[in-house]
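Throughout, numbering of the chain's residues begins at 1 and tracks the sequence. Ligands are counted one by one from 1 in listed order, and the atoms in each one are counted from 1 as well. Only this structure's heavy atoms are used, side chains among them; waters, hydrogens and symmetry mates stay out. Here the structure is a predicted model, which means the values were calculated and not measured.
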Amino acid sequence: MKSVRTVQGLRAVLGGARRDDRAIGLVATMGALHEGHLSLIRHARRQCDVVVVSLFVNPAQFNERADLERYPRDELRDSELAEDAGADVLFAPSVAEVYPAGFATTVEVLGLSERLEGAARGAEHFRGVATIVTKLLCMALPDVAYFGQKDAQQVLLIRRLTTDLNLPVRIETRPTVREPDGLAMSSRNALLGAAERERALALPRALQAACELADSGERSTAALLAAARAEMERLSVSAEYLALVDPETLEPLERLDGEALLAVAARVGEVRLIDNTILTPDVGSAPDPQNQGKVLSTCSV
Ligand code: AMP
């Protein structure tokens with residue numbers, strides 16, 4: 001695996017692949033790699049000739065200074081994990097390389113950015129995300145870029161901006177990877193103390209509770225969210241937001257009449273966590289071909 005720190009270096013290592021028309025895949029990360037990231041890298045490895053992993057803790061998307069300062073960083077470990085998972089190139093630029101003096105351009109995806117995470121964290125969060133992802137796509141010019149469903153709103157924004165800006169890249173979304181007890185993997189999980197780690201299960205359990213109720217036929221959003229909230233209260237965690245929304249527009253839904261995104265954010269101690277799942281009530285009544293007789297669940301958490 002080659003490690004590069006500059007855009008010029010990145011272009012140089014990718015030049016041959018581009019000339020030979022070999023497929024380039026990009027996995028953009030902020031480091032502190034875990035199985036969620038590694039699943040994206042392994043998938044890129046299966047699909048592409050050259051796999052680029054970027055590692056950049058983007059200050060522009062942090063709305064809290066303390067969150068940026070305590071964000072876990074371990075480049076040596078990350079580079080070993082990325083290589084083992086199949087990365088060919090690790091791109092780890094400095095802040096000055098990404099935002100040189102005079103930097104003045106931002107990308108903003110209106111509408112989608114203002115909901116859920118945008119409402120909770122402020123406009124600068126998704127402005128920071130949209131700008132860095134656009135820059136990384138322009139720097140690496142990948143054929144495919146891989147993102148996790150864990151950050152569902154982020155993927156929607158990225159799809160929107162690549163369409164709107166005519167960026168020649170295919171965006172692929174991969175499922176959320178979870179710990180055996182259901183907690184969605186996140187770099188921030190490393191910051192949880194033992195008691196907080198237990199309480200963090202409030203998020204997946206809330207999603208699971210709503211799913212089970214939906215499985216039993218409940219279609220009222222108020223009832224589904226109440227069940228989820230009750231589950232969180234059992235672990236003394238209160239949601240920053242808990243919402244059932246249209247999975248494309250993120251508009252709130254009053255009823256679960258089709259596919260819906262159930263999204264949650266909560267602070268456990270100092271650590272802010274997010275999670276989500278897609279509810280698909282239409283398959284709720286269909287028999288599962290792999291599991292004769294059993295009814296498919298509306299979601300998987
Ligand atoms: P981050 O380093 O948090 O910016 O995440 C980098 C990429 O990994 C993003 O596309 C995330 O959505 C994805 N990712 C983070 N956590 C998970 C997870 N638990 N499962 C799948 N993908 C993830």
Review point. Please walk me through it: do Phe91 and Leu26 pass side-chain contact (heavy atoms from CB on, under 4.5 Å)?
Key: CA-CA 10 Å; Phe91 175 50; Leu26 172 69; over 6 Å; no

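- For the residue pair Tyr71 / Asn58, no side-chain donor-acceptor distance below 3.5 Å is found, with atom types taken as modelled.
- For atom 10 (O) of ligand 1, the nearest non-hydrogen atom of the protein is Gly148 N, 3.0 Å.
- The nearest protein atom to atom 12 (O) of ligand 1, hydrogens excluded, is given as Asp151 OD2, 2.6 Å; this is a heavy-atom distance.
- Atoms of ligand 1 lying under 4.0 Å from at least one heavy atom of Phe147, given by number and element, are 10 (O).
- Contacts between Leu40 and ligand 1 below 4.0 angstrom, taking non-hydrogen atoms only, involve the side chain exclusively.
- For ligand 1, none of its N or O atoms has an N or O atom of Gln149 under 3.5 Å away.
- Taking every heavy atom of His34 and a limit of under 4.0 angstrom, the matching atoms of ligand 1 come to 15 (C), 16 (N), 17 (C).
- No more than 12 heavy atoms of other residues, nucleotides or ligands shown are found within 6.0 angstrom of CD on Glu198.
- With hydrogens left out, the protein atom closest to atom 20 (N) of ligand 1 is Val177 N, 2.8 Å, a heavy atom.
- The pair Arg115-Glu251 meets the salt-bridge criterion, since a charged nitrogen lies less than 4.0 angstrom from a carboxylate oxygen.
- Salt-bridge annotation for Glu35 and Arg42: present, with a side-chain N of the basic residue lying under 4.0 Å from a carboxylate O of the acidic one.
- Ion pairing between Arg197 and Asp181 holds under the 4.0 Å rule for side-chain N and carboxylate O.
- In the vicinity of Thr176, heavy-atom distances shorter than 4.0 Å reach the ligand 1 atoms 19 (N), 20 (N), 21 (C).
- For ligand 1, the atoms lying closer than 4.0 Å to a non-hydrogen atom of Pro175 are 20 (N), 21 (C).
- Interface atoms of ligand 1 facing Ala28, defined by a heavy-atom separation under 4.0 Å, are 6 (C), 7 (C).
- In this structure, the protein non-hydrogen atom closest to atom 4 (O) of ligand 1 is Met30 CG, 3.6 Å.
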Practice item. Tell me, with the steps shown, if Leu167 and Leu161 meet side-chain contact (heavy atoms from CB on, under 4.5 Å). Key: CA-CA 8 Å; Leu167 299 181; Leu161 79 84; 3.9 Å; yes

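- Between Glu75 and Arg5 there is a salt bridge, since a side-chain N of the basic residue sits under 4.0 Å from a carboxylate O of the acidic one.
- His37 NE2, 3.6 Å is the protein heavy atom nearest to atom 1 (P) of ligand 1.
- Close approach to Thr29 involves these atoms of ligand 1, each under 4.0 Å from a residue heavy atom: 2 (O), 6 (C).
- With respect to the salt-bridge test (charged N to carboxylate O, under 4.0 angstrom), the residues Glu231 and Arg234 qualify.
- Proximity to Met185 (heavy-atom distance under 4.0 Å) selects the following atoms of ligand 1: 16 (N), 17 (C), 18 (C), 19 (N).
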